[in-house]
Amino acid sequence: MNLVRRISAGALSVLDFGPEKVSVLIAEKKGDVFRVLGGGEAPSAGVADGEVVHPGDASEAVIAAVRAAESAAGISVETLYYNLDDAAVEQAVSTGSKTLPGEGEVRAADVAEACHTAERLVGHFEKNIVYARPLGFLIDDRDPVSEPVGVFGRKLDASVLILMARAEHCESWRRVLRRAHVAKSVAVPTAWSVAYGVLSAEERKNKRIAADAEPDFVTVFVFGENRIRALKVFRPGGASAADTGARLGEAARELASAETEAGELVVTGGLSADEAFWAALASSQPPVLRRGLPSGVPGLEAPRYAALAGLVAVAEEYDRKKPILQRRKGLMASAKDKAVSFINEYF
């Protein structure tokens with residue numbers, strides 16, 4: 001009897017539900033590279049244009065891919081990270097403030113409170129926050145700082161970029177994964193995964209415009225200083241590859257005009273191999289254009305795997321925080337732990 005072992009420490013399980021294939025990968029990081037333990041694919045079902053229309057069929061597709069990956073890896077999936085797209089995603093930049101107590105030295109807890117206040121200010125019952133990262137900080141309404149912990153002042157302002165997806169859409173995917181017997185699932189915006197999939201660590205520090213072009217969703221975004229800075233998502237809606245390429249070029253130009261020093265467009269995804277798409281995109285006068293191929297995960301070098309390959313790196317970053325976020329009696333162990341926790345969470 002071929003028994004599946006419990007998942008080993010350090011193993012990461014990720015899922016991408018594409019328009020044609022559901023892909024699941026189990027991998028672990030060894031040094032600076034990822035080692036694939038096992039993978040599985042199944043035909044997509046139950047989803048149309050990125051929307052769950054038949055939860056049972058979608059769950060069966062996930063189950064088939066997960067079982068194939070578990071069988072190949074010899075271990076079971078407990079936490080599954082998955083890429084989330086929503087054409088109705090909303091973007092907001094919100095500012096949260098914190099009056100500093102005592103001598104006015106900024107602590108990690110103060111920064112976290114200011115950031116959480118910014119998130120609460122954009123709270124919406126019909127939307128779920130799927131991504132929140134600070135863009136910058138201000139001390140006493142006048143002094144901008146990038147790392148506020150340890151700085152002195154009377155007031156701290158945190159400017160936070162927030163991405164919100166429809167609550168109903170998020171819950172549909174959570175139901176699919178629960179029905180697929182996934183113990184815990186973590187949604188990751190596809191843009192974040194794509195950035196980690198096709199941009200090097202050095203490129204992620206500087207502003208780049210990147211796009212993931214698939215038949216169901218096209219995601220174009222600005223990435224810089226290791227975070228998403230602006231984003232647009234649209235559905236091709238049955239349009240031709242050429243029309244989709246032209247529309248992407250227009251969206252990229254809009255982002256480039258709003259974001260200085262973001263003059264390169266890196267494009268990946270299944271449509272990036274279509275010559276009609278690429279010709280229309282190139283003729284739409286986008287920023288400097290290049291194809292982006294995923295790297296870092298053996299076997300996932302094709303453009304359609306960019307979001308899956310990058311998701312492995314994002315999942316590893318999440319997983320790496322776990323020892324830091326362990327609590328004793330419900331409280332962080334020390335002020336140093338708080339500072340390290342903040343740096344990991346927000347940077």
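Keep in mind it's a predicted model, so treat the numbers as computed, not measured.
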Side chain [X], main chain [Y], donor-acceptor under 3.5 Å:
{"X": "R174", "Y": "S172", "result": "no"}
{"X": "T268", "Y": "A306", "result": "no"}
{"X": "T219", "Y": "A191", "result": "no"}
{"X": "S71", "Y": "A68", "result": "no"}

Practice task
May I ask you to say whether E254 pairs ionically with K232, meaning some side-chain N is under 4.0 Å from a carboxylate O?
Solution key: yes
Exercise for the section: Decide, yes or no, whether a salt bridge links E113 with R107 under the criterion of side-chain N to carboxylate O below 4.0 Å. Expected result: no
Practice task
Would you check if the distance from the ring center of Y81 to the ring center of Y318 is below 6.0 Å?
Solution key: yes
Practice task
Start with the C-alpha gap between L265 and L281, add the side-chain angles, then the distance that decides, and say whether side-chain contact (heavy atoms from CB on, under 4.5 Å) holds.
Solution key: CA-CA 11 Å; L265 172 60; L281 174 59; 4.2 Å; yes
Could you measure the distance from the [atom1] atom of [X] to the [atom2] atom of [Y]? Nearest 0.5 Å is fine.
{"X": "L271", "Y": "E214", "atom1": "CG", "atom2": "CD", "result": "6.5 Å"}
{"X": "E126", "Y": "H169", "atom1": "CD", "atom2": "NE2", "result": "15.0 Å"}
{"X": "I129", "Y": "I162", "atom1": "CD1", "atom2": "CD1", "result": "5.0 Å"}
{"X": "L248", "Y": "D243", "atom1": "CG", "atom2": "CG", "result": "12.5 Å"}
{"X": "R208", "Y": "L199", "atom1": "CZ", "atom2": "CG", "result": "7.0 Å"}
{"X": "S272", "Y": "R290", "atom1": "OG", "atom2": "CZ", "result": "12.0 Å"}

Just checking, is any N or O donor in the side chain of [X] or [Y] under 3.5 Å from an acceptor N or O on the other one?
{"X": "D212", "Y": "T190", "value": "no"}
{"X": "R247", "Y": "T244", "value": "no"}
{"X": "S76", "Y": "E70", "value": "no"}

For the student: nearest non-hydrogen atoms of [X] and [Y], plus distance:
{"X": "Q91", "Y": "L231", "result": "OE1-N, 2.8 Å"}
{"X": "R154", "Y": "D140", "result": "N-OD1, 2.7 Å"}
{"X": "V122", "Y": "S94", "result": "CG1-CB, 3.7 Å"}
{"X": "R235", "Y": "D216", "result": "CG-O, 3.5 Å"}
{"X": "A315", "Y": "V14", "result": "CB-CG1, 4.0 Å"}
{"X": "N128", "Y": "C170", "result": "ND2-CB, 3.6 Å"}

Practice task
Among F217, W173, F17, find the one that has a side-chain contact (heavy atoms from CB on, under 4.5 Å) with D85.
Solution key: F217
Practice task
Let me know which of L25, L12, L300 forms a side-chain contact (heavy atoms from CB on, under 4.5 Å) with F34.
Solution key: L12
Within-4.5 Å side-chain heavy-atom neighbours: [X] and [Y]:
{"X": "I228", "Y": "L161", "result": "yes"}
{"X": "D57", "Y": "E60", "result": "no"}
{"X": "K127", "Y": "E90", "result": "yes"}
{"X": "P55", "Y": "R179", "result": "yes"}
{"X": "L156", "Y": "L138", "result": "no"}
{"X": "Y82", "Y": "S185", "result": "yes"}
{"X": "K98", "Y": "K155", "result": "no"}
{"X": "L37", "Y": "R35", "result": "yes"}

Problem - Aromatic W278 / basic R291 pairing, under 6.0 angstrom, 45° off normal - result: yes
Handout entry: Cation-pi geometry met for R204 and Y196 (6.0 Å, 45°)
Key = yes
Exercise for the section: Run the numbers on S23 and D16 for side-chain hydrogen bond (donor to acceptor under 3.5 Å, both in side chains), then give the verdict. Expected result: CA-CA 5 Å; S23 301; D16 186 60; 5.8 Å; no
Practice task
Evaluate salt bridge (charged side-chain N to carboxylate O under 4.0 Å, His left out) for E316 paired with K30, printing each intermediate quantity in order.
Solution key: CA-CA 11 Å; E316 191 274 332; K30 292 293 186 182; over 6 Å; no
Problem - Evaluation steps, salt bridge (charged side-chain N to carboxylate O under 4.0 Å, His left out), between E250 and R253 - result: CA-CA 5 Å; E250 180 182 353; R253 289 197 309 273; 5.2 Å; no
Would you say [Y] ends up clustered with [X] if hydrophobic residues are merged whenever their side chains have heavy atoms under 4.5 Å apart, either directly or through other cluster members?
{"X": "L163", "Y": "V160", "answer": "no"}
{"X": "V220", "Y": "L293", "answer": "no"}
{"X": "V22", "Y": "V36", "answer": "yes"}
{"X": "I63", "Y": "V24", "answer": "no"}
{"X": "V233", "Y": "V52", "answer": "yes"}

Exercise for the section: With side-chain contact (heavy atoms from CB on, under 4.5 Å) as the test, would you mind laying out the steps for V106 and F152 before giving the verdict? Expected result: CA-CA 6 Å; V106 179; F152 286 83; over 6 Å; no
Handout entry: N83/L15 under side-chain contact (heavy atoms from CB on, under 4.5 Å): CA gap, chis, key distance, verdict
Key = CA-CA 7 Å; N83 285 313; L15 174 145; over 6 Å; no
Exercise for the section: Could you walk me through whether K21 and R304 pass the side-chain contact (heavy atoms from CB on, under 4.5 Å) test, one step at a time? Expected result: CA-CA 10 Å; K21 295 283 187 180; R304 75 183 183 94; 4.0 Å; yes
Exercise for the section: Report the C-alpha separation of S44 and E20 in whole Å, then their side-chain angles, then the decisive distance to 0.1 Å, and conclude whether the side-chain hydrogen bond (donor to acceptor under 3.5 Å, both in side chains) test is met. Expected result: CA-CA 5 Å; S44 295; E20 297 179 357; over 6 Å; no
Exercise for the section: Give me the ring orientation class for Y131 and W192: parallel if the planes are under 30° apart, tilted from 30 to 60°, perpendicular past 60°. Expected result: perpendicular
Exercise for the section: Any chance you could lay out the salt bridge (charged side-chain N to carboxylate O under 4.0 Å, His left out) test for R133 and E119, step after step, and finish with the verdict? Expected result: CA-CA 10 Å; R133 290 293 183 276; E119 293 180 33; over 6 Å; no
Practice task
Give a yes or no on this: more than 12 heavy atoms of other residues, nucleotides or ligands lie within 6.0 Å of atom CD of E301.
Solution key: yes
Problem - From CA spacing to verdict: salt bridge (charged side-chain N to carboxylate O under 4.0 Å, His left out), E171, R178 - result: CA-CA 10 Å; E171 181 56 30; R178 284 198 297 266; 2.7 Å; yes
